[in-house]
Amino acid sequence: MTQLVPVDLVVEVLSAALGETADGRDDKVSRLLAEADLPEDVADRIGGEVNRLKTTAARWRRRGRELAALYSTAHELAQLRDVDELLERLVQRAHDLIGTDVTYLSEFHVASGELRVRTTLGTVAPSFPNLRVPPGMGLASMVVTTRSPQWTSRYDAMTQAPHDSGIDAAVEAEGLVSLLGVPLLAGDEVLGVLFAANRIPHTFTHEEISLLSAFADHAAVVLQTARLLADTRRSDAETRTAYGELSRHVEAMERASRVHEDLTGLVLQGGDATDVADALGRALRCTVTMLDAELRTTDDRPLDESAVREAVTRSRRSGRCVFLTGDDGRSRVVVAVVAGSTLLGALVLDQGALAFGPVEQRTAERAAQITALLLLKQDAVVEAEQRLRGDLLTDLLSGDPARSQPAVARAAARGVHVERMRSVVLLAVDTDHRRAAVRAAGRVAGPDGLVGEHANRVVALTPEPDPAAAARAVHAAVSRAVGGGVLAVGAATGPATGLHERCEAAESCLRVLPALGLRDGAVTSDEYLPYTALFGPGEQRVQAFVDATIGPVLEWDAERGSALLPTLAAYLDNRCSPVATARALHLHKNTVLQRLDRVSELLGARWQEPDHLFRIGIAVRLRLLGTTIGTP
């Protein structure tokens, strides 16, 4: 039987239902049904339908609020242009919209197939931001592969995707239990995965999944647009940069062309290396310093900066410019001037208004090459002059008046006055370094001096009155040029002193010094006069003295191959102690005594008396010294 319900009651019940949010029976609807005096089953039926209506209405109201928030957020995101700021705002709005404990976004890298956590909200563990997800691992990779939402109420029990120990550790450190991930899709391209996660078990509803998916769709469109705009701005900036670089390159090429024309003109007009440095400095608007082969400036100032010297070495090996940064932060460019394997000098450019780009570097390198050509040209002139001066020196030192006297006149015609020379310096230099030694010594001697090669020695005549000072100056210059290992001997000369004889005295000293342990340094022949007197040219008395004093010992060693002379020398060096002599020679004491007995037989029983022992000691020293320097 149909039960009639008053219309007014229906209207009041519906109005009450739509105005309330509670679902219980103890509300206005319940009171209205109780007052209507309806059968209990009818009242219960009406109450149940009303509650269902209230629930549906509440769900639609919530859905309306969510959609309003969704579109409001999409509008807000659309106003952003910076990608990083957009990602942060995207995660923040998703966090507010879904209401989970943690929200984060993982960016997908197509090339590597990895996902990297880019932006998070609600996280506390430091290991979670920037977490990398390997390809095919975890829930995130499953979202990328399926391009659809994926979720789990308990991550630790998840079996639909492979686990990774690193990801599991990060999730555990963050305390995440339930996760929902939805893809950010731009057409078929996956931009990333948006995650909502709770620290308690939670079963995500269809409404939550749909809401986050819809938000992700809006966000993907906005993100893709922002990326395209960023790419456009970046391309525009790159285009402007490229245009600016092209303009600078064209300007640099024009500048390099002008420099090339100027340098070519310098070569044709007979310019020198200094002119090249000036032209290069004007073109590149910088200060250019020219260094010579000894890495000294043109005003003869030594360059003490080890960094520049090391840079010259590197540039010499590579043939390219080498960059340095000074203490003031300004750039410095060093390029070596070389011809083959020979270092002729270097150019040092202190950067000015222009940046040193590739064109400027090539310009500096070309200038170094032209500088080398000009230096070689100058060297050829110097070499011709040096050969002429060397011939003059050879004639002057010949000892033949028929050659030396005309040479004095020829030298005077070239501005070299032999009668004004006060010092002669002889140098022992390796054959490979003699050319450089002649050049270096020539710079010291100056235009008034005379330098050349004679009898395998480098000889320098200078007006310096002090032979010691002359030897030191020449030795210093030559050592810098050849890297050391130079022995120089100076001797005084002048109108009353024969030049030929003074050179022979210096030569005798040069022969003796290595035997005395001196192979690098500057001395005078007078400092070693006793040795030069003994081993000078034509001296035969020394050998006669040695033969008369220890001749039998020398003959015994020569005939039998014995070692009496070394034993005798060691005996004298060790204060005539047989024990010390045996220790010095690594021999048994008896062996030494036997040899000394043989010496007694040869030299006589009185050989150890003071006068005899003194003369024997001198003879032994002279013999050993003569053997060292090659005197028979």
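Small disclaimer: the values here were computed from a predicted structure and weren't measured.
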Measuring from atom NE2 of His433 to atom CG of Leu427, what distance do you get when rounded to the nearest 0.5 angstrom? 13.5 Å
Leu392 vs Val416 side-chain heavy atoms within contact, under 4.5 Å: no
Which of these, Leu596, Ile550, Leu554, Leu602, sits in a side chain to side chain contact (heavy atoms under 4.5 Å, CB included) with Leu564? Leu602
Do Val312 and Leu295 have side chains that get closer than 4.5 Å, going by heavy atoms? yes
Answer yes or no: is there a side-chain heavy-atom contact under 4.5 Å between Leu487 and Pro514? yes
How close do Leu344 and Ala339 get, counting heavy atoms only, and between which atoms? CD1-CB, 3.8 Å
Report the residues that fulfil side chain to side chain donor-acceptor pair (under 3.5 Å) with Asp557, sequence neighbours left out, ordered by chain and then residue number. Ser562
If we only count heavy atoms from C-beta on, is the Ile616 to Leu568 side-chain gap below 4.5 Å? yes
When you look at CZ of Arg606, are more than 12 heavy atoms from neighbouring residues, nucleotides or ligands closer to it than 6.0 Å? no
Minimum heavy-atom distance between Ala445 and Leu461, given as atom pair plus value: CB-O, 4.1 Å
Donor-acceptor side-chain pairing of Arg595 and Thr567 below 3.5 angstrom: yes
Taking all non-hydrogen atoms of both residues into account, name the closest pair between Ala407 and Asp395 and its distance. CB-CB, 3.6 Å
Using 0.5 Å steps for rounding, measure from the CZ atom of Arg422 to the OG1 atom of Thr462. 10.5 Å
Distance in Å, Thr493 OG1 paired with Glu501 CD, rounded so as to fall on 0.5 Å steps: 9.5 Å
Pairwise distance CG(Leu396) to NE2(His500) - rounded to 0.5 angstrom: 12.5 Å
Taking all non-hydrogen atoms of both residues, which atom of Thr581 and which atom of Tyr571 are closest, and how far apart? OG1-CA, 3.3 Å
Step-by-step side-chain contact (heavy atoms from CB on, under 4.5 Å) determination, Val482 to Asp430: CA-CA 9 Å; Val482 304; Asp430 293 340; over 6 Å; no
Is the shortest heavy-atom distance from the side chain of Trp607 to the side chain of Val553 under 4.5 Å? no
With no hydrogens and no angle check, do the side chains of Gln608 and His612 hold a donor and an acceptor under 3.5 Å apart? no
Listed once per pair and sorted, the salt bridge (charged side-chain N to carboxylate O under 4.0 Å, His left out) pairs that draw on residues 343-354, sequence neighbours left out: Arg332-Asp350
Interatomic spacing from NZ in Lys589 to CD in Gln594 - rounded to 0.5 Å: 12.5 Å
Please confirm whether the backbone N or O of Asn456 pairs with a side-chain atom of Arg434, one donor and one acceptor, at under 3.5 Å? yes
Residue pairs involving residues 441-459 (criterion salt bridge (charged side-chain N to carboxylate O under 4.0 Å, His left out); sequence neighbours excluded): Glu294-Arg443, Arg457-Glu507
Could you tell me the separation between the OG1 atom of Thr524 and the CZ atom of Arg472, rounded to the nearest 0.5 Å? 9.5 Å
Nearest heavy-atom contact between Cys321 and Val335 is SG-CB, 4.2 Å
Compare all side-chain heavy atoms of Leu499 with those of Leu397 and state whether any distance is below 4.5 angstrom. yes
Backbone N or O of Arg320 within a donor-acceptor pair of the Ser315 side chain at under 3.5 Å? yes
Chi angles and distances behind the side-chain contact (heavy atoms from CB on, under 4.5 Å) call for Glu527, Cys509: CA-CA 9 Å; Glu527 296 177 64; Cys509 189; over 6 Å; no
Just checking Arg410: does its CZ atom have more than 12 heavy atoms from other residues, nucleotides or ligands closer to it than 6.0 angstrom? yes
Would a 4.5 Å heavy-atom cut-off, applied to side chains only, mark Leu347 and Met290 as touching? yes
Are the side chains of Val322 and Thr313 in touch, meaning some heavy atoms are under 4.5 Å apart? no
Where is the tightest heavy-atom contact between Ser423 and Ala470, given as atom of each residue plus distance? CB-CB, 3.9 Å
